[in-house]
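Data block below; observations after.
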Amino acid sequence: MNIATNIGRLHSFGWVQNPSNFDNLQKVVSIFNPHSSHYQLLRDSLVDTLIPLDQIKNNLHEKLSNGIALFTYEELVGTKQDIHGNTNVSRKDAVADSLIQVSIESQAKNTRGKRWTDNWTASGYLSWALSLHFVDIDHETGFYHITDQGMEFSEADDTHMKRILRDALLAYPPASRVLDILAHADRAVTKFYIGERLGFKGESGFTSYDERLMIKWVEYESSKSERTKIKQSVEGTADKYARMICKWLEKLGLVESSRDEIEKNSEKISLFKRYRITGAGLHALRQSRGSSKNKQVQKYVAWEFLGTKVQNVNYVRTRRAMILNFLKKSQSKRALLEHLTDYGFTDLDTILDKDIEGLNAIGIRIISESDRYILVDDINEIYIPNIGVTDNLHDIELEQEKSKLISETNLPLKYYELLDIAYDGSRNRDYEILATDLFINVCGFQGTVLGGARKPDAVIFTDEYGVIVDTKAYSNGYPKNLQQEDEMVRYIEDNQKRDADRNNTRWWENFDPFVSTFYYLWVSSTFINKFDEQLVSTYKRTSTHGGAIGVVALLSFASLIRESKLTLQDFANDMQDVVLNYSV
DNA sequence: TCGGATGATCAGTGTGCTAT
DNA sequence: AATAGCACACTGATCATCCG
């Protein structure tokens, strides 16, 4: 569960399937640089000419016209939809609907004149930019932004670009792993040999085919077209990752390739491509490892690198991230085991060694001795998203959030209990009463708790405006809910019509009769998924603005009001059918 | 072939029902 | 009256090969 804020969905990255073109990568990174020529091309032509869906086009156009360089996943990667917005369509009927899609020309640009790519390749390019740390994500807001290296890369010429890429690939663990595999191989090897040694083996996201088996298959296949088919269609996921990484390294001169040919029945048969590390590659690898820890290139590792297709992938990634963060400080196996156990991870006896083996295989070097693990590489501290993958972790995160709020705000102590109540579905009534209490006695609203059938949970008001309040305690956050929306719409209309025949509870009489402007407000723990749609829809159905406020924002809001850093009129102005996001 | 392209897959969501 | 629990259909992100 996410306690802190309303972040979007978590996306995978770190393992890259399709992209291999550095110029395209530079374009993608330049989307985040308003001074780049590509940004200007997007603004002046690509978005308008290639995206046929008005709403998406207008939104992107407006952002680009204002020089904005923060984008969401959806704005960057897009989806698969046809011109009418139907998503259940075949890819060949999909139209362009994102910045990266229109930044990269399709392979079919010459045959079919298609000048944009699909959402899978778009997501691959975003993943590549994130993996090389040219782009990063702000986990609080869900916006992607450029990094310093990214800005340098965006503005680099050809020669400079290669130098930046060389450094970035040496800091990208899978690429350094591939170089390491090649450095230790005593011959030129195929993608299958490399794939077998790359990634978390045994997990379905890293399949690899046996090198000898594949070579034999091609050798003994008599039909030329069948041989071609095998060579271009048969590879595991890890083999594919290996091929792409080798290609990148080859373009930078760190790896070279060759192709075996054999002669059978006076026919030349070409086998699989083989890769070998070059002198420059060996030198770069040694240099990046340095003679001492200070001289090492710091490797960039993100939580998302640490697992792909495996059961409970978030749990697994968090466990591995916690292992790495811990090994930065201590080598003791026993202490590590205790640390993970404290956070609620189980089955560690068998799993710990496997994780260490897997981490080595993705390019993070850890030596295992009898009583300690030695993290050889220098890596960054890994950001671990607050998603409470174990019960203990969840409790710990909640406590941390609570103590942070208590230290940064100055409210009467009883209100901090809201943090617990908001997540406890069985204490809905408590939440209603205490939240209304906060609005009235701390924020300075007038108003009352109502409750009961056919009445909102509470009404609050000032001399200027009134608010219809619906409060819900939800353990996992408040998702979009049509019944709740209908109910709120009914209350808004009740209040507009004020007709006792329509609703004989006459609950609206609790507002001061002179108040004529009204808003709606949902109060809960957090708001998840597509709750935004509920807000927009409520406005469209009633022409009444409002908002939603989570418990952390609610307490922050009260604190800001109390310190006179915010007024109740600001609150009304913020009611633009969004989740209100106050923080101290 | 190289550099993506494509249909398949599966976990995550919304929805509507029942039991409590 | 409202929520948890469940089955269900749908979708979107990601995979696993596949291919012009």
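- The side chain of A:Met244 lies closest to B:dG3 when the candidates are B:dA5, B:dG3, C:dT3.
- Using a 30° and 60° split on the angle between ring planes, A:Phe531 and A:Phe527 fall in the tilted class, from 30° to 60°.
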Please walk me through it: do A:Tyr73 and A:Ile137 pass side-chain contact (heavy atoms from CB on, under 4.5 Å)?
-> CA-CA 10 Å; A:Tyr73 182 86; A:Ile137 177 168; over 6 Å; no
Nucleotides 17-20 of chain C: which of its N/O atoms have a protein N/O under 3.5 Å away?
{"residue": "C:dT17", "atom": "OP1", "partner": "A:Tyr209", "partner atom": "OH", "Å": "3.4"}
{"residue": "C:dT17", "atom": "OP2", "partner": "A:Tyr209", "partner atom": "OH", "Å": "3.4"}
{"residue": "C:dT17", "atom": "O5'", "partner": "A:Tyr209", "partner atom": "OH", "Å": "3.0"}
{"residue": "C:dC18", "atom": "OP2", "partner": "A:Ser233", "partner atom": "O", "Å": "3.4"}
{"residue": "C:dC18", "atom": "N4", "partner": "A:Glu235", "partner atom": "OE2", "Å": "3.2"}
{"residue": "C:dC19", "atom": "N4", "partner": "A:Gln232", "partner atom": "O", "Å": "2.8"}

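- OP1 or OP2 of B:dG3 sits under 4.0 Å from a side-chain N or O of A:Lys251.
- Between A:Thr121 and the phosphate of B:dG4, there is no side-chain N or O to OP1/OP2 separation shorter than 4.0 Å.
- Every residue was checked against the salt bridge (charged side-chain N to carboxylate O under 4.0 Å, His left out) condition with A:Glu256, not counting sequence neighbours, and none meets it.
- In terms of phosphate contacts, A:Ser90 brings a side-chain nitrogen or oxygen within less than 4.0 Å of OP1 or OP2 of B:dG7.
- Residues meeting the ring-ring contact (aromatic ring centres under 6.0 Å, His included) test with A:Tyr209, sequence neighbours left out: none.
- The nearest whole Å value for the distance from the CG atom in A:Asp430 to the P atom in C:dT3 is 14 Å.
- Put simply, A:Asn119 has no side-chain N or O that comes within less than 4.0 Å of OP1 or OP2 on B:dA5.
- For the pair A:Lys273 and B:dC2, the criterion of a side-chain N or O lying under 4.0 Å from OP1 or OP2 is met.
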Polar-atom pairs under 3.5 Å, protein N or O versus N or O of nucleotides 14-17 of chain B: list them with distances, or write none.
{"residue": "B:dG14", "atom": "OP1", "partner": "A:Lys530", "partner atom": "N", "Å": "3.4"}
{"residue": "B:dG14", "atom": "OP2", "partner": "A:Asn529", "partner atom": "ND2", "Å": "2.7"}

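- Note on the helix from B:dC2-C:dG20 to B:dT20-C:dA2: terminal axis deviation equals 30°, with five pairs used at each end and the result rounded to 10°.
- Distances from the side chain of A:Ser20 to the nucleotides B:dG4, B:dT6, C:dT14 place B:dG4 closest.
- Note: CD (A:Glu74) to P (C:dA13) measures 7 Å, nearest angstrom.
- For A:Arg243, the salt bridge (charged side-chain N to carboxylate O under 4.0 Å, His left out) partners are A:Glu235, not counting sequence neighbours.
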